[in-house]
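The analysis underlying the following values was restricted to heavy atoms, covering all of them including side chains, and did not include hydrogens, waters or symmetry mates.
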Amino acid sequence: TASEVTAQLIPWLEDLSAAWPVGYRWELGGEYESSGKAQASIRAELPVTAFIIAFLLVTQFNSLRRTAIILLTIPLGLIGVMPGLLATGATLGFMTFLGIISLSGIIINNALVLIDRIGLEQKENGLTPGEAVLAAGARRLRPILLTTATTVLGMVPLWIGGGALFQSMAIAIIFGLLFATVLTLGFVPLLYALFFRIDSSETSGAIRST
């Protein structure tokens, strides 16, 4: 790939240019230059995007703790991305970076759906916090798994026939989402119980009642 070529070319050029006369220099263009500019522009906007997401979550839930739980689930997607890239031989490039950004949005949506259901179980059904956590996990299990399945299946054609451009992006979304979904279903309830100091005896009692 272009990134592998430039990784070997740059050190060679640096050593070679050390002996060049004054006024001579080198620079790389093409895919290396355009990819670098694109990644730099995206990184520059990421803090603003993160602030807007956090602001919207705080506005929706009126709670810093619920917002923190949702934001803490984002890194879960990275756990599956790297093994997926290594297993398939894909490269970590610009399109992979876009796939990770898209993956973050899906993970946020799954965590948001789960947190929102916990609140509804307490308000509408009068459940205790511990009971609400268990009930929300059971009620949102199928929708979250179906969302994951449809997204993964939708990415398979890009993985198989997307070529060098879209293949790495599809792999990042597929493997990252598969790992993140399984972890989110356990991680979000656990964080909720910790952040809101739910007594373990309350949840164990709810389990026995079911």
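- The CD1 atom of Ile144 sits 12.5 Å away from the CD1 atom of Ile106 when rounded to the nearest 0.5 Å.
- Side-chain contacts under 4.5 Å among hydrophobic residues (ILVMFWY), followed directly or transitively, place Leu120 with no other residue at all.
- Residues Ile107 and Ala180 approach most closely at CD1-CB, 3.6 Å, considering heavy atoms.
- For the pair Arg43 and Phe97, the minimum side-chain heavy-atom distance is below 4.5 Å.
- By the 4.5 Å heavy-atom criterion applied to side chains, Thr147 and Val113 are not counted as neighbours.
- Between the CG atom in Asn125 and the CD atom in Glu121 there is a gap of 4.5 Å [rounded to 0.5 Å].
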Leu9/Leu28 under side-chain contact (heavy atoms from CB on, under 4.5 Å): CA gap, chis, key distance, verdict: CA-CA 10 Å; Leu9 185 63; Leu28 295 179; 4.0 Å; yes
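- If you take OG1 on Thr67 and CG on Leu112, they are separated by 9.0 Å, rounding to the nearest 0.5 Å.
- You'll find the side chain of Leu56 stays beyond 4.5 Å of the side chain of Gln60, heavy atoms only.
- Distance check, rounded to the nearest 0.5 Å: CG of Leu78 to OG of Ser104 gives 7.0 Å.
- Closest approach of Met169 and Met95 over heavy atoms only: CB-O, 3.3 Å.
- Hydrophobic clustering (side-chain heavy atoms under 4.5 Å, transitive across Ile, Leu, Val, Met, Phe, Trp, Tyr) keeps Val182 apart from Leu191.
- For Leu64, the CG atom is loosely surrounded, since the number of other residues' heavy atoms within 6.0 Å does not exceed 12.
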Audit row: Glu27, Arg25, salt bridge (Lys or Arg N to Asp or Glu O under 4.0 Å) steps and yes/no: CA-CA 7 Å; Glu27 62 182 36; Arg25 63 183 177 87; 2.6 Å; yes
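- Residues satisfying the side-chain contact (heavy atoms from CB on, under 4.5 Å) criterion with Gln122, sequence neighbours excluded, are Ile118, Pro129, Ala132, Tyr192.
- For the atom pair CZ (Phe195) and CG (Leu72), the distance works out to 5.5 Å, reported to the nearest 0.5 Å.
- Counted within 6.0 Å of CD on Gln8, heavy atoms from surrounding residues, nucleotides or ligands total 12 or fewer; the atom is thus considered open.
- The environment of CG in Asp15 is crowded: more than 12 heavy-atom neighbours from other residues, nucleotides or ligands sit within 6.0 Å.
- Leu98 CG to Leu103 CG: the interatomic distance, rounded to the nearest 0.5 Å, is 12.5 Å.
- Hydrophobic cluster membership is shared by Ile160 and Leu178, with clusters built from Ile, Leu, Val, Met, Phe, Trp and Tyr side chains linked at under 4.5 angstrom.
- Of the residues Thr88, Leu86, Val81, the one that meets the side chain to side chain contact (heavy atoms under 4.5 Å, CB included) test with Phe175 is Thr88.
- In terms of heavy-atom proximity, Thr96 sits nearest to Ala172 at CG2-CB, 4.0 Å.
- A 4.5 Å side-chain heavy-atom check between Ile173 and Ser102 finds at least one atom pair inside the cut-off.
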Verdict with supporting geometry, Phe196 and Ile69, side-chain contact (heavy atoms from CB on, under 4.5 Å): CA-CA 11 Å; Phe196 288 89; Ile69 292 172; 4.2 Å; yes
Trp26 and Trp20: CA distance, side-chain angles, deciding distance, side-chain contact (heavy atoms from CB on, under 4.5 Å) verdict: CA-CA 10 Å; Trp26 62 269; Trp20 289 356; 3.9 Å; yes
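- Residues Leu85 and Met82 form a side-chain contact, since some pair of their non-hydrogen atoms from C-beta on lies under 4.5 Å apart.
- Under the 4.5 Å side-chain heavy-atom criterion for Ile, Leu, Val, Met, Phe, Trp and Tyr, Val58 and Phe51 are members of distinct hydrophobic clusters.
- Pairing each heavy atom of Thr73 with each of Val188, the nearest pair is CG2-CG2, 3.5 Å.
- The two residues Leu114 and Ala136 have their closest heavy-atom pair at CD1-O, 3.7 Å.
- Here the closest non-hydrogen pair linking Ile174 and Val156 is CD1-N, 4.0 Å.
- Side-chain contact check for Asn110 versus Leu177: some heavy-atom pair is nearer than 4.5 Å.
- Hydrophobic clustering (side-chain heavy atoms under 4.5 Å, transitive across Ile, Leu, Val, Met, Phe, Trp, Tyr) keeps Val48 apart from Leu46.
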Stepwise side-chain contact (heavy atoms from CB on, under 4.5 Å) check, Leu194 with Leu190: CA-CA 6 Å; Leu194 291 174; Leu190 176 61; 4.3 Å; yes
